[in-house]
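Have a look at the structure below before the remarks.
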Amino acid sequence: MHQHFSKPDLYVGRCGNLDAVVTAHAIDGAPSFMRGLRLMFAADLHVLRRTTRAELDALVDRMAAAKPDLLLLGGDYSDQADDCVRFFDALGRLSFPLGSFGVIGNNDAEAWADDLKGLRRVMAGAGCRLLINQAVNIPLRGGVLIIGGVDEDRYGHPHPELLRFGKDTKNSYRILLSHYPVLPEQPPDLMLCGHTHGGQFNLLGLTPYAIGFERFSKPRRASVAIAGLNDIDGMKLLVSKGVGASRLQWRVGVRPEINLLTFP
């Protein structure tokens, strides 16, 4: 299992206020048509009932200040459907030149269990397209940026093979959105994930994910990385530490973040 913690972090904070830092990553090795692209990735917001509109607006302002060309979302927007609506209502005042796309997380599957079409409508109202085992092609300066998103695998049925990332890769760059950091058989060029909250509780690199507690979940799974930008057999894998939390509303040693990716 890969881990990425640059140094001990003395951060201790209560979740729900969305007070995330912007963590920047330069992604090397991308084709020339990707050069200069600014991509923002946000995962695991877990907006709470007590999260105020001012806090939602502050997070959206932080996104806007980074001036991204493209917004990608990694799921787990909130544990309750109406709080998810509040997030996308705040997000809807932004627009992104190349669009906005997101996937579903396990908490979203619970919150919208009887109304997945409702989640699609709410996201679409903010200009964001929900991708569930789907991919979109974005023409980009003589090349094609392919963005695929898979279903979450606690309640859903992820089928990354439907994205056909193993075919027609010439003059394209492939980004896979997945709530879980579980590798597909056909790796993309860049994979963006969340779910782990960076471990949420990190004591000198020891986290619940480091001891593999999700091996006891149903279905059993093991995250290939806990946090940060990782290079796995030539594929870039970014696992965001995310912003909030679902049950235990504290983070210790794991600072909440949204991620800005640039392509030099």
Side-chain angles (χ1 to χ4, degrees), residues 22-43 60 62-75 91-104 120 123-151 158-179 181-194 224-225 228-240 257-264:
V22 177
T23 302
H25 306 272
I27 308 297
D28 56 16
S32 59
F33 64 81
M34 293 287 291
R35 194 166 298 149
L37 181 72
R38 296 173 67 84
L39 184 162
M40 176 148 283
F41 177 59
V60 170
R62 206 167 300 126
M63 292 179 175
K67 298 181 179 178
D69 302 296
L70 174 68
L71 175 67
L72 300 179
L73 301 173
L91 184 65
R93 61 187 175 84
L94 298 187
S95 62
F96 305 89
L98 297 181
S100 174
F101 304 90
V103 291
I104 189 171
R120 286 189 184 276
M123 294 178 67
C128 183
R129 180 175 172 182
L130 177 62
L131 299 176
I132 300 180
N133 298 324
Q134 297 170 296
V136 294
N137 292 356
I138 301 176
L140 197 64
R141 295 188 290 268
V144 179
L145 171 59
I146 304 174
I147 300 172
V150 293
D151 199 357
H159 290 290
E161 71 278 2
L162 298 179
L163 307 180
R164 299 175 65 84
F165 274 165
K167 301 181 182 295
D168 303 324
T169 59
K170 185 178 180 181
N171 207 33
S172 65
Y173 190 79
R174 305 156 300 164
I175 298 178
L176 175 63
L177 287 175
S178 171
H179 182 63
V182 177
L183 298 182
E185 291 186 6
Q186 297 177 344
D189 299 297
L190 172 64
M191 185 171 177
L192 304 177
C193 309
V224 72
L229 184 61
N230 304 263
D231 195 323
I232 300 178
D233 297 328
M235 181 193 77
K236 304 291 185 185
L237 169 67
L238 174 63
V239 183
S240 177
E257 67 177 7
I258 54 179
N259 307 92
L260 178 67
L261 286 69
T262 58
F263 297 82

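These numbers come from a predicted model, not from an experiment.
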Worked check of side chain to side chain contact (heavy atoms under 4.5 Å, CB included) between C128 and L71: CA-CA 9 Å; C128 183; L71 175 67; 6.0 Å; no
Nearest non-hydrogen partners of [X] and [Y], listed with the distance:
{"X": "R174", "Y": "D189", "result": "N-OD2, 2.8 Å"}
{"X": "M34", "Y": "R141", "result": "C-NH2, 3.9 Å"}
{"X": "G74", "Y": "H179", "result": "O-ND1, 2.8 Å"}
{"X": "A64", "Y": "L94", "result": "CB-CD2, 3.7 Å"}
{"X": "Y173", "Y": "F33", "result": "N-CZ, 3.7 Å"}
{"X": "R120", "Y": "L130", "result": "NH1-O, 3.0 Å"}

Nearest-0.5 Å distance, [atom1] of residue [X] to [atom2] of residue [Y]:
{"X": "L37", "Y": "L145", "atom1": "CG", "atom2": "CG", "result": "7.0 Å"}
{"X": "L176", "Y": "I146", "atom1": "CG", "atom2": "CD1", "result": "11.5 Å"}
{"X": "S100", "Y": "M123", "atom1": "OG", "atom2": "CE", "result": "7.0 Å"}
{"X": "L163", "Y": "Q186", "atom1": "CG", "atom2": "CD", "result": "8.5 Å"}
{"X": "L177", "Y": "L190", "atom1": "CG", "atom2": "CG", "result": "9.0 Å"}
{"X": "T262", "Y": "I27", "atom1": "OG1", "atom2": "CD1", "result": "7.5 Å"}

Do any N or O atoms from the side chain of [X] and from the backbone of [Y] form a donor-acceptor pair under 3.5 angstrom?
{"X": "D28", "Y": "P264", "answer": "no"}
{"X": "N230", "Y": "G228", "answer": "yes"}
{"X": "R164", "Y": "A135", "answer": "no"}

I'd like to check [X] versus [Y] (side-chain heavy atoms, cut-off strictly below 4.5 Å). Are they in contact?
{"X": "K236", "Y": "H25", "result": "no"}
{"X": "L70", "Y": "F101", "result": "yes"}
{"X": "P187", "Y": "D233", "result": "no"}
{"X": "I232", "Y": "M191", "result": "no"}
{"X": "D151", "Y": "I104", "result": "yes"}
{"X": "S240", "Y": "E257", "result": "yes"}

Salt bridge present between D69 and R38 (N-O < 4.0 angstrom):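 No, no charged N to carboxylate O under 4.0 Å.
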For L72, the option from V103, L192, L261 that meets side-chain contact (heavy atoms from CB on, under 4.5 Å):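 It is L192; the other options fail the test.
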